[in-house]
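Okay, so here's the structure we're looking at.
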Amino acid sequence: MANTIQQQLIYHTQQAVKALYQSDIPENQLTIQETRKEFEGQLTIVVFPITRFSKKSPEATGAEIGAYLKEHVPELAAFNTIKGFLNLSLSDVYWTDLFKTHVIQESFGRFPSNGKKLMVEYSSPNTNKPLHLGHIRNNLLGYSVAEILKAYGYEVIKTNLVNDRGIHICKSMLAWQRWGNGETPESSGLKGDHLVGNYYVRFDKAYKQEIDMLKAQGLSEEEAKKQAPIIREAQAMLQRWEAGDEAVIALWKMMNGWVYAGFEQTYGRLGVDFDKYYYESDTYLLGKDIIQEGLDKGVFFRKVDNSVWIDLTADGLDEKLVLRGDGTSVYITQDLGTAQLKYDDFHMSESIYVVGNEQDYHFKVLFLILEKLGKPWATGLFHLSYGMVDLPSGKMKSREGTVVDADDLMDEMTETAKKRTEELGKTEGLSDTGKAHLYHIIGMGALKYFLLKVEPRKRLLFDPNESIDFQGHTGPFIQYTHARIKSVLAKGGYSQATPLAVPSVLASSERDLIQLLHNYPAVIEASAKEFSPAQLANYCYEVAKQYNKFYHEESILKAEEEARDFRLHLSSATARIIASGMRLVGIEVPERM
RNA sequence: GCGCCCAUAGCUCAGUUGGAUAGAGCAACGGUUUUCUAAACCGUCGGUCUUAGGUUCGAAUCCUAAUGGGCGUACCA
């Protein structure tokens, strides 16, 4: 539907080849692309593949095909051939029609429901420390992918699998017990997740000291790590937790409660949300029945020590343990069980895991096992793997304090937005809450765009010493363009009732803008199919850029009435698409800035 | 050792199913405001697309190998 003219042109080109050269050219050999800016026209047919049939030079062939098309395709106004490229100029009527019948319609950019359910699992934090920049990337990616897939027609369930148990949690608990003196978020004024994170760091410090002492006594590093009294105590605490010890459970609940309150705040500022939470404390025992199922089916095998394995060497992978000899779970046991649980809960046709690329191998194994177990839904599983966020100094390490804290970073971004806005003198007439809201929108816009414009699989470099830009290829640039349009619309007294006149001649910047806007649904589709918010983010930038060009080249409010009304509609459509596209990448756009 | 991912301008990144003279932003330099918001627009500068082969009328894009970087290869999660 979006490509009718392309399809028509391809069809008529095939007809032309038949008429002119008595040959049939398969459709897949014909490519049509947007004309490069420096040439005349909007669409281009690559003629090289046709020369096989014409037995003529590319230029002569292009001229002949062009002449044929000119006769048979009424929308075609002119053409020219340069080298092997047949550039086509479509009539202004074609473009204005397209604008009227598609771009400006309320339904433009909306896909009907496809009746399918899809799950996106993202965020999935540990409850022993606060979120950092790496988690922000995960959260923004997951949220945006979910929104894009919704727009594309899926019913989407956003889930968060919270890692709320295990030895790392016990470390924080133990440290708090020892050195906390009953400190609470209320007593200290600390955000709960930060408070708990402090004790995690505290534990690690003490642990390292003990390791050093033991090493000084002649133990090997490996032995020291196992023998250190504090780690043994944490392990004992974990065992008591698993046994349901009331005191331990109470402490665990209290501290996790603090963390959740902190996370809720951070999620709120980030603007992400979830439809369903899973907790590992509920799911960590799952999966053992699947192990039995696998044994029964002969997919798994038992070794003499009673441990259970799967042999994936035929698939180019290794032998993989799926259950320990003592019958306890490993990570993948739990994941097998959780995958089944999620499917039983929602019966979705696809399920996406937003998890960093250090777990590529794990997910390959997980999906392969489920496939071998004959789970029909296994083919719908997808690991959305993304690259790490690195600092100039290298990796972020929580325990070494080289992390960029999520809350701190958001504070800084908002503060910078405030400073910039005040410098530019754009705060006049705004209420205090209006200002605060604006600074938040802009600061988050800069941060989110910075993270989302990069393809997920690529690693991302963040330099804390170089502040994130607010000019150029950035979120605020796009937000500014939206605000600017809103201002023109207001001054022009635009409303939906403004008559839509259509000029007989379009300026080239208008034509380019219409063509670009018309691509919007195709961009949503591509982003959805490839799970890539980056494509949509980059598209929004192109739209904003093209609009600004148009804005500078053509006068809107001072144009003659017909052109003025048309340009108001064009501006309004642009604003709508910018707002809609940015919403799908999780970025709000302001009415003014 | 083996496996996966990445490599494009000084920096950060785009680059559609293989197509024209590889594009943006930042940085540097110059210009645009009595006119709709200058967080803007226009211009200049900047490239052996890591390297070497191969496939093709045509390769940043596909194949092979090498180099550099990252990750994984745990009875950790």
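When reading the values below, keep in mind they use all heavy atoms of this one structure, side chains included, and skip hydrogens, waters and symmetry mates. Order of the sequence lines fixes the chain letters, A, B, ..., with proteins taken first and strands second; residue numbering starts at 1 for each chain.
Side-chain N/O atoms of Lys83(A) include none lying less than 4.0 angstrom from OP1 or OP2 on G19(B). Contact annotation: Arg324(A) side-chain N/O to A74(B) OP1/OP2 distance is not under 4.0 Å. Considering only side-chain N and O atoms, Tyr480(A) lies under 4.0 angstrom from the phosphate OP1 or OP2 of A39(B). Applying the 4.0 Å criterion to OP1 and OP2 of C75(B), one finds that Ser307(A) has every side-chain N and O outside that range. Proximity of Lys491(A) to the phosphate of U37(B): a side-chain N or O atom is located under 4.0 Å from OP1 or OP2. Neither OP1 nor OP2 of U37(B) sits under 4.0 Å from any side-chain N or O of Arg592(A).
Of the candidates A14(B), C36(B), C26(B), the closest approach to any side-chain atom of Gln471(A) belongs to C26(B). Checking C13(B), U37(B), C4(B) against every side-chain atom of Val454(A), the shortest atom distance belongs to C13(B). Residue Ile442(A) places its side chain closer to A39(B) than to any other of C36(B), A14(B), A39(B). Proximity note for Glu358(A) (side chain, C-beta onward) versus C4(B), A39(B), C71(B): the nearest is C71(B). If you check C36(B), A39(B), A20(B) against the side chain of Arg36(A), the one that comes closest is A20(B).
More than 12 heavy atoms of other residues, nucleotides or ligands sit less than 6.0 Å from atom CD of Glu38(A).
Each of Ser555(A) and Pro476(A) lies near RNA chain B, and the nucleotide nearest Ser555(A) is the one positioned closer to the 5' end.
C13(B) is paired with G23(B) under the Watson-Crick or G-U wobble criterion, all donor-acceptor distances under 3.5 Å. Under the Watson-Crick or G-U wobble criterion, with both distances below 3.5 Å, C2(B) is paired with G72(B). Remark: C62(B) base-pairs with G54(B); criterion is Watson-Crick or G-U wobble with both hydrogen-bond distances under 3.5 Å.
Stacking here means ring centres nearer than 5.5 Å and ring planes tilted less than 30 degrees, and by that measure Phe48(A) does not stack onto G58(B).
A salt bridge does not link Glu415(A) to Lys419(A): none of the charged side-chain nitrogens sits closer than 4.0 Å to a carboxylate oxygen.
Relative ring orientation between Tyr353(A) and Phe363(A) is described as tilted, the plane-to-plane angle lying within the 30° to 60° band.
Judged by distance alone, with hydrogens and angles left aside, the side-chain atoms of Glu319(A) form no donor-acceptor pair with the main-chain N or O of Asp311(A) at under 3.5 Å.
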